[in-house]
Amino acid sequence: MPHYRVHGMTVASDLPLPPLLAESDLTEHAAADVQIIAGDVPEHLPTAEITREHYQAAPAAVLMRAPDVGQMHITGGNRITYRLDAGERATDFAAHLLGSGCAIIHQQRGNVVLHGASLCRDGLAFLVCGVSGVGKSTLAAHVLEAGGQTLGDDVCHIGDAPGFLAHPGPPSTKLASDALQTLASYRGLPQHGLCPSGKTILSTADRFTATPHPLGGIIMLDWAFEHEAVTATRLAPGEAIAALRENTFRKRCITSDIAQTLFSKWSALAQSVPIWRITRPEGRDTQAEIVEIASGLLAQMQRQPALGGMK
Amino acid sequence: MQQIFAPADDVLMSDAGELKVLMSMQQGHFVELNATGRAIWERLDGMATLAAIAADLQDVYDIPPEQCEAEVLEFVGNLREHRLVEPRD
């Protein structure tokens, strides 16, 4: 079965994943951390603590459905069993496996996984987090145009103290059409269609690094009212912990068995790595101002590396 | 002051370094604890009344009873507002 390296894990998958992630040494595979295998998926989890329309979460087991695409049963922090809906393409489901599937695997292992675009510059990684549509990918793209590389666009696993390594995810990004118009170098990137939100899926393979980097800082993008100004505030540790919880990928799937472990890791991260909140007023074009502020913060973080980001 | 409170089922406390933060995992609400707050929190065990907690802290910190009761009430009110504690019968 083909092996891949993604999110800091070796994954054995019978469903094809992006070729760039494939392990180059086909003879000496490390033992896979995760198995992704087609098979039977249960209708319900009898021990579910959390039940929503498209997912159920129980200790060490999550059942998730991507409407009209397929279902996956994620168990024990090491196995994803999936079933494709009739007529659906495997490539469409790969994004779900590499996003939600791998994020939940990490959560079941008690690891930190954030929803954000990750980039690196001069040996340090930076994350841009925030709710969908707030401009994470666009800000990251502007910063990357000024130099640097990407580690991924959506899901980022942060390793434990003291290194707090940011691990690379799949080499792609999603950009809204208006953002794409303002980013000249992105218009030439290979396009892989549209995602359900209407954004264009682009390959960022030519500016991707597959090497984990120590985390230098996190920028949380947040909406503000239209009449308010763009602001940048360094979060106090308590606020930073709350922001890390808020920006945890699939936070609604966190069950009681892993909650304290994750909380302790967020606490350690919040005390070691600078976390900034930049507010973006709704309804006004403040992109240039936000890019300028973010660039200044990144430069500042590089001059004063975080405890976990010592080069 | 005869009410009894206990930590909510989903409340967590950080244990890293000097920082002490309570958080409701489901709600995302959080409260940072100073030394006094931590002393009150540790006494919210689902058995002691607020009056008993205030009397205990009054001995420890040597402050007037009225001030101690007011601080306990304000702190527990804040925790309750953030759903970090639940009343017990």
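Here the structure is a predicted model, which means the values were calculated and not measured. Heavy-atom basis, side chains included; hydrogens, waters and symmetry copies ignored. Each chain gets a letter, A, B and so on, in the order its sequence line appears, and its residues count up from 1.
- Other residues, nucleotides and ligands contribute more than 12 heavy atoms inside 6.0 Å of the NZ atom of A:Lys251.
- Looking only at distances, a side-chain donor or acceptor of A:Gln260 sits under 3.5 Å from a matching main-chain atom of B:Met13.
- Across B:Asp9, B:Asp10, B:Leu12, the residue that shares the most heavy-atom pairs under 4.5 angstrom with chain A is B:Leu12.
- For B:Asp59, the CG atom sits in a packed shell: over 12 heavy atoms of surrounding residues, nucleotides or ligands are nearer than 6.0 Å.
- Across every non-hydrogen atom of B:Ser24 and A:Arg245, the tightest pair is O-NE, 4.2 Å.
- One distance of note links CD1 of A:Ile258 with CE of B:Met25; it measures 8.0 Å at 0.5 Å rounding.
- By the 6.0 Å contact criterion, CZ on B:Arg88 is enclosed, its count of non-hydrogen atoms from other residues, nucleotides or ligands being greater than 12.
- Across all their heavy atoms, B:Met23 and A:Phe263 have their closest contact at CB-CE1, 3.4 Å.
- Counting non-hydrogen atoms of other residues, nucleotides and ligands closer than 6.0 Å to CD of A:Glu228 gives a total above 12.
- Looking at every heavy atom in both residues, A:Ala242 comes nearest to B:Gly28 through CB-O, 4.3 Å.
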